[in-house]
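Chain identifiers are assigned alphabetically (A, B, ...) following the order of the sequence lines, protein sequences preceding nucleic acid strands; residue numbering begins at 1 within each chain. Please read these numbers as outputs of a predicted model, since none were measured by experiment.
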Amino acid sequence: MTEIRLSNTRTRKKDVFTPIDAQNVRMYVCGPTVYDRAHLGNARPVVVFDVLNRLLRHVYGAEHVTYVRNFTDVDDKINAAAVARKQAGAPGTLEELVQQRSDETIGWFLKDMGALGALEPDHAPRATAYIPQMVTMTQELITRGHAYEAEGHVLFAVESYKDYGKLSGRSIDDMIAGARVEVAPYKRNPMDFVLWKPSTDELPGWDSPWGRGRPGWHIECSAMSYELLGETFDIHGGGNDLQFPHHENEIAQSCCVHPESKFANYWLHNEMLQVEGKKMSKSLGNFFTVRDLLDQGVPGEVIRFVFLQTHYGKPMDWTDEKAKHAEATLRKWKGLVAGIEPAPSPAPELLAAIADDLNTAGAIAVMHRQAKDGAGAALRASLDFLGFDPSVAVEPVTSAVSDRLEHLRDRLETLRSNAMATKDFSEVDRLKAALVEAGFEVRISKKGVEVLASGQIDTSKLDALCE
RNA sequence: GGCGAGUUGGCGGAGUGGUUACGCAGCGGAUUGCAAAUCCGUGUACAGGAGUUCGAUUCUCCUACUCGCCUCCA
């Protein structure tokens, strides 16, 4: 069996992965808050853990892996969007409008991530479907002396959990010293965090022993992972910005309710994404969504390829340059594997690279070697394994384009054979240049003439050529 | 201030205690009506300093720089 090694934030080492139960390998990844379109940064963990999911399925068998990724649909930004709609005169109650907003955002998310070649998890629980479980857990924390009620809020008492801060390597005292946030007066310790908070009448809320309210952010992951994966499971993942406080708080909640459990054995965190060397932010004007890129004609798998070029534990820089190179490489490889059956299983070297802490960049190096060696079947199996569909052209050429392309190719061929006799190549060169201008690649060899789509096709220029 | 990640040839980016990864670009050649594509050849880099070692880019320590988190942003 392939030995998988993973960088474990908990131990700060690369650990050999040993599942609790090889018949049921369990992974929980923190999913998005569904208030708006996913930006490019949101896509990184999705792709990273998609690769891990595929690896686990390959090694343990698809039916022996359970992958859970939640949707956070309790959030002030969702509420704000719903309120705005309500004020604009949209029909329905506010709760319905909240639900609507979440529904549509979830639909976008799945579609956009599907375009990146990400398989959907086995379970994609929504926080709103687990409120009773969160209430129960919160109550249990109070009973066990780890939480207290204050002014309609329920707060987790960080001092009641001795390992608080262990995952992220922080001490409560240091954090208090460096705190930059104003502390609510009802907190016993400034680091105490909210398990439950009151809702106003206008906002979505649920009945609870502490009045009508809504859960704090962290409790949902504790409740849902327990419901779907049990007290202790194998892998917990997410972006490294979640390490503190989100994951720290999840651990505190879960371990205090289930003192015998370790919660998650392996913690994986992906590093952040940057754009052209800078943090993606609205103020810098370099903020964009996955959909923006797709709409600009950047194929989803090009985005996927660029992501996989950088190890998940390193900051990744998104640049147009990389996207261009990725597209060229994918196009080349797809040409190489066209019509070739994939090898029955991915090559051992490829698997070894991925199993070594998801060394996707190393895997790409293996694929370059396969391409160079003309190992089409192996390359195709590699592409399949990493979630690239070789049967789909990088840039789908519409039939309308391909018909005209055929016509132009014939014309070019005729012109060329004439020119070979007359030695006057001016007509050939003119058509060739025009085709290149319109976004095609022209190859003329002894065997004949080939015209291929090579990038952004300018259909208006194509139309002009056909007249 | 606290915690953490990183720094490899023009660019991207693996890997290794001692034998030039690889890709792109570039350069030379083959091929071509010219190109493109393809093929062949071509690259001694590992932030700085100290230490361990027969030997370090690879291990340890220090310094510099970059970046992230500490704000319900993945």
Check this for me, if you would: do A:R5 and A:D357 make a salt bridge, where the nitrogen-to-carboxylate-oxygen distance has to be below 4.0 angstrom?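 Judged by the 4.0 Å cut-off on N to carboxylate O distance, A:R5 and A:D357 do not form a salt bridge.
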[X] side chain, from C-beta outward: closest of [options]:
X      : options             : value
A:K314 : B:G68, B:A14, B:C73 : B:A14
A:D429 : B:G4, B:C34, B:A74  : B:C34
A:T33  : B:A14, B:G23, B:A74 : B:A74
A:R170 : B:C34, B:C3, B:A74  : B:C3
A:H325 : B:C24, B:C73, B:C34 : B:C24
A:E271 : B:A5, B:C70, B:G12  : B:A5
A:R443 : B:C70, B:A74, B:A36 : B:A36
A:D241 : B:G13, B:C73, B:G23 : B:C73
A:D75  : B:U38, B:A14, B:C73 : B:C73

Donor-acceptor side-chain pairing of [X] and [Y] below 3.5 angstrom:
X      : Y      : answer
A:Q243 : A:S168 : no
A:D234 : A:N265 : no
A:R214 : A:S199 : yes

Would you state whether a donor and an acceptor, one from the side chain of [X] and one from the base of [N], lie under 3.5 Å apart?
X      : N     : result
A:N359 : B:G15 : no
A:K372 : B:C22 : no
A:H39  : B:A74 : yes

Starting from [atom2] on [N], measure out to [atom1] on [X] and report it in whole angstrom.
X      : N     : atom1 : atom2 : result
A:K324 : B:A25 : NZ    : P     : 12 Å
A:W217 : B:U71 : CH2   : P     : 12 Å
A:E250 : B:A74 : CD    : P     : 13 Å
A:R369 : B:C24 : CZ    : P     : 14 Å
A:M367 : B:A14 : CE    : P     : 15 Å
A:D357 : B:A5  : CG    : P     : 13 Å

Taking the nucleotide of RNA chain B with the closest heavy atom to each, which residue, A:D317 or A:C30, is nearer the 5' end?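 Upstream on the strand: A:D317.
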Could you check A:P215 against A:G313 and say which one's nearest nucleotide on RNA chain B is further toward the 5' end?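 Looking at the nearest nucleotide for each, A:G313 comes out on the 5' side.
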Base, sugar-phosphate alone, or nothing: which one does A:F425 contact when heavy atoms must sit under 4.0 Å apart?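 Base: the residue A:F425, judged by heavy atoms under 4.0 Å, touches a nucleobase.
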When you compare [N] with [M], how far apart are their [atom1] atoms, in angstrom units rounded to a whole number?
N     : M     : atom1 : result
B:G28 : B:G43 : C1'   : 13 Å
B:G2  : B:C73 : P     : 26 Å
B:U58 : B:U52 : C1'   : 14 Å
B:C40 : B:U31 : C1'   : 11 Å
B:A47 : B:A64 : C1'   : 8 Å
B:A14 : B:U8  : P     : 10 Å

Pairing nucleotide - [N], Watson-Crick or G-U, each distance under 3.5 Å:
N     : answer
B:C34 : none
B:U71 : none
B:U66 : B:A5
B:A25 : none
B:G18 : B:C54

Donor-acceptor pair, A:R126 side chain versus A:D73 backbone, under 3.5 Å?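 No; judged by distance alone, with no hydrogens or angles, the pair does not exist.
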With A:R416 as the cation and A:F425 as the aromatic partner, state whether NZ or CZ is under 6.0 Å from the six-membered ring centre and within 45° of the axis.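 No, a cation-pi geometry is absent between A:R416 and A:F425.
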Examine A:R44 relative to A:Y312 and say whether NZ or CZ is less than 6.0 Å from the centre of the six-membered ring and inside a 45° cone about the ring axis.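 The answer is no, since A:R44 fails at least one limit relative to A:Y312.
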